[in-house]
Amino acid sequence: MPREFFARPALQVAPDLLGKVLARYTGGVTIRGRIVEAEAYTGQTDPGSHAFRGCTPRTMVMFGPPGFLYVYFTYGMHYCMNVVTDVDGVAGAVLIRALEPLDGMDEMSRRRGERPDLQLCNGPAKLCAALGVGRQENGADLEGSEIWLEDDGFIVNQVEVTTRVGLSAGDDLPFRFFIAGSRFVSGGRPAKATITRP
DNA sequence: GACCAGATTGTCT
DNA sequence: GACAATCTGGTCA
């Protein structure tokens, strides 16, 4: 995926990311999963974004150029990964919330513990654990690193839009996107009603 | 299936 | 010192 793809507002990138393939080379194996769920965080104007209160050491990556990874640690034990969007200086990001496993399920199971494919990557912290993504990957470039995105031509028929999951502010904004009918989406429920669009 | 408590530490006030 | 873009395992239907 070219860097220009990410050099757009998070609200445009998030739905476009659905159906794309996230790949990760680790432990001598390439792991792949199709993105089935994502949330947009629009930066300094978004009360739900870590970047809302400005640029800090933690949020610095989001203010940088697009096509990089923002990985944060939360609840004392979980990592979640975002793709940085928008141009340099604007703090947009898209949280990858769920994957449909395609390759390397053995490796995922080894990291996550034995469980059905449906439950390997159906949550932001789960997929980071499955791919072995942690603090070290914060700031990684999606171009020329061991994590990258592929477009295999998969066509997404219908996207559903809802409010975001787990927020205490900005939970009224319809910024969560997922592939309609996918059984691999996370169990987390949105704050309010769902909105569907063709 | 729905609801709830507990884990555990980095980050910012 | 409060709280977090979460997950898991428990209880009660």
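Chain naming here is simple, since letters A, B, ... match the order of the sequence lines and numbering starts at 1 in each. Quick note: numbers below take in every heavy atom, side chains included, and nothing from hydrogens, waters or symmetry partners.
We find that Asp16(A) and Arg8(A) are joined by a salt bridge, their nearest charged nitrogen and carboxylate oxygen being less than 4.0 Å apart. With salt bridges taken as basic N to acidic carboxylate O contacts below 4.0 Å, one links Arg32(A) and Glu150(A). A salt bridge is defined here as a Lys NZ or Arg NE, NH1 or NH2 lying under 4.0 Å from an Asp or Glu carboxylate O, and Arg183(A) with Asp117(A) fails to meet this definition.
With values rounded to the nearest 0.5 angstrom, Thr162(A) atom OG1 is found 11.5 Å from Leu173(A) atom CG. Here Cys121(A) contributes atom SG and Met105(A) contributes atom CE; the two are 9.5 Å apart, rounded to the nearest 0.5 Å. Note that CG of Asp86(A) is 11.5 Å distant from CE of Met62(A), once rounded to the nearest 0.5 Å.
Remark: dA5(C) base-pairs with no nucleotide in the shown strands. Criterion, Watson-Crick or G-U wobble with two distances under 3.5 Å. In a base pair of the Watson-Crick type (N1 to N3 plus N6-O4 or O6-N4) or a G-U wobble (N1-O2 and O6-N3), with each distance short of 3.5 Å, dT8(B) is matched with no nucleotide.
Met81(A) has its CE atom 17 Å from the P atom of dA5(C), to the nearest Å. At whole-Å resolution of the value, CG in Leu127(A) and C1' in dT6(C) are 12 Å apart. Taking atom CD of residue Glu37(A) and atom C1' of nucleotide dT6(C), one finds them 13 Å apart after rounding to whole Å. Between Tyr79(A) atom OH and dT6(C) atom C1' there is a gap of 14 Å when expressed in whole angstrom units. As a whole-Å value, the separation of Ile96(A) CD1 from dT6(C) C1' is 17 Å. Nucleotide dA4(C) holds its P atom 12 Å from the CG atom of Asp171(A), rounded to whole Å.
No continuous path of ILVMFWY side-chain contacts below 4.5 Å connects Phe63(A) to Val83(A), so the two sit in separate hydrophobic clusters.
Seen from the ring of Tyr41(A), Arg164(A) counts as a face-on cation partner, given the 6.0 Å and 45° thresholds. In this structure, Arg135(A) is not positioned above the aromatic face of Tyr79(A) in the sense of NZ or CZ being under 6.0 Å from the six-membered ring centre and within 45° of the axis.
In this model, no donor atom of one side chain and acceptor atom of the other lie less than 3.5 Å apart for Arg189(A) and Thr163(A).
Nucleic acid contact for Gly123(A): sugar-phosphate only, since backbone atoms but no base atoms lie under 4.0 Å from a heavy atom of the residue.
Only at 4.0 angstrom or more do the heavy atoms of residues 5-14 of chain A sit from any atom of DNA chain C, so none qualifies.
OP1 or OP2 of dA5(C) has not a single side-chain nitrogen or oxygen of Arg176(A) nearer than 4.0 Å. OP1 or OP2 of dC3(B) has at least one side-chain nitrogen or oxygen of Arg189(A) nearer than 4.0 Å. Note on His78(A): every side-chain N or O is 4.0 Å or more away from OP1 and OP2 of dC7(C). Note on Ser168(A): a side-chain N or O is less than 4.0 Å away from OP1 or OP2 of dA4(C).
At most 12 non-hydrogen atoms from other residues, nucleotides or ligands lie less than 6.0 angstrom from CZ of Arg53(A). Within 6.0 Å of atom CZ in Arg3(A), more than 12 heavy atoms from other residues, nucleotides or ligands are found, so the atom counts as buried in its surroundings.
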What does the list of N/O pairs under 3.5 Å between the protein and nucleotides 8-10 of chain C look like, with a distance for each?
unit_1 : atom_1 : unit_2    : atom_2 : d
dT8(C) : OP1    : Arg112(A) : NH1    : 2.9
dT8(C) : OP1    : Arg112(A) : NH2    : 3.4
dT8(C) : OP2    : Lys126(A) : NZ     : 3.4

Under 3.5 Å between N/O atoms: give me all the protein pairs with nucleotides 9-13 of chain B, atom names plus distance.
unit_1  : atom_1 : unit_2   : atom_2 : d
dC12(B) : OP1    : Thr56(A) : OG1    : 2.3

